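What you see below is based on every heavy atom in this structure, not just the backbone, and it leaves out hydrogens, waters and symmetry mates. Counting starts at 1 for both ligands and their atoms, in listed order. Keep in mind that this is a model prediction, so the values were computed, not measured.
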Amino acid sequence: MSVKIGIIGGTGLDNPNILDERVEKEYDTPYGKPSDQLISGKIKGVPCVLLARHGRKHSIMPTNVNFRANIDALKQAGCTHVIVTTACGSLQQHVEPGDIVILDQFLDRTTKRTSTFYDGHQNSPAGVCHIPMSEPFCAKLRETISNSASSLNLKHHRSGTVVTIEGPRFSSRAESRLFKSWGATVVNMTTVPEVCLANEAGLLYASIALPTDYDAWLETEQAVTVELALAAFKQNINKVIDLLLDVVPRIAAMDWTEEINEAKTKASTSVMLSH
Ligand code: ADE
């Protein structure tokens with residue numbers, strides 16, 4: 001089975017120049033338009049599709065990202081895999097700004113987002129979808145990314161729990177300490193519902209999280225600001241790009257038939273139709 005890799009670029013990676021043979025295309029979906037045009041092309045001969053989560057001009061705030069349209073458009077484009085990047089704040093001292101965290105779990109603190117394609121509206125697919133979330137991120141894809149990071153000597157963490165907050169404001173110190181006390185690794189504003197929708201769509205999803213700051217819990221460090229987060233991301237952007245360029249051909253060299261079929265079966269068997 002051939003693969004096509006969707007790459008959703010988060011804050012700081014809105015428009016990376018990493019594709020050969022770029023072709024831009026506008027998509028429309030039953031859920032509206034995605035954040036921007038999809039750019040298809042190749043990384044070392046492997047077909048990929050790039051999408052800027054917040055738009056290429058970074059004009060869409062987290063709550064207003066049309067996550068459903070983004071995932072649906074990548075599916076329409078024929079993607080089998082979705083790898084995303086996300087800037088985040090670290091909730092643990094040993095997870096330093098500039099490290100890479102390959103997420104394996106999430107805690108959902110969002111409040112205003114549609115987290116299913118099956119919402120009962122006219123354009124939505126029929127039924128109610130109860131997608132299992134015990135393992136939201138594709139284990140084999142995570143391992144492949146970790147192996148790639150090891151081979152590049154990038155300091156990384158092979159697992160990590162992200163708390164996704166609604167934003168757009170950052171967390172208060174009390175919230176930040178609460179999330180830390182829960183044992184979470186990092187905090188961001190976009191993993192939920194993106195990963196849930198990717199599962200509903202039967203896509204293999206993994207997230208490369210890049211801590212840019214220590215959020216608000218650590219009084220000896222400056223609490224997060226936009227300036228701090230963007231500057232830190234800029235400093236480390238090459239690590240993420242190197243990782244993407246290395247992992248894409250690794251993925252293409254592997255057989256994903258079983259994982260792709262499992263993901264599709266999980267998605268289809270999770271839908272309850274009325275009778
Ligand atoms: N993105 C980058 N840093 C963040 C933080 N501390 N909280 C939420 N989102 C972030």
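The protein atom (non-hydrogen) at minimum distance from atom 4 (C) of ligand 1 is Gly89 N, 3.4 Å. Of the protein's non-hydrogen atoms, the one nearest atom 3 (N) of ligand 1 is Asp213 OD2, 2.7 Å.
Residue contacts with ligand 1, taken as heavy atom pairs separated by less than 4.0 Å, involve Asp215 via backbone and side-chain atoms alike. Counting heavy atoms under 4.0 Å from ligand 1, residue Val224 touches it through the side chain alone. By the criterion of a heavy-atom distance under 4.0 Å, the backbone of Cys88, and not its side chain, is placed next to ligand 1.
Heavy-atom contacts of Ala87 reach the following atoms of ligand 1: 1 (N), 2 (C) (cutoff under 4.0 Å). For ligand 1 and Thr212, the ligand atoms under 4.0 Å from any heavy atom of the residue are 2 (C), 3 (N).
With hydrogens and angles left out, the side-chain atoms of Glu96 and Tyr214 include no donor and acceptor closer than 3.5 Å. Side-chain N/O atoms of Ser35 and Asn70 include a donor and acceptor closer than 3.5 Å.
Within a 6.0 Å sphere centred on CE of Met61, other residues, nucleotides and ligands contribute more than 12 heavy atoms.
His157 and His94 have perpendicular rings, their planes meeting at more than 60° on a 0 to 90° scale where under 30° would count as parallel.
Distances between N or O atoms of Asn188 and those of ligand 1 include no value under 3.5 Å.
At a threshold of 4.0 Å, the pair Arg22-Glu24 counts as salt-bridged, since one of the basic side-chain nitrogens sits closer than that to a carboxylate oxygen. Between Lys140 and Glu259, at least one side-chain nitrogen of the basic residue sits less than 4.0 Å from a carboxylate oxygen of the acidic one, meeting the salt-bridge criterion.
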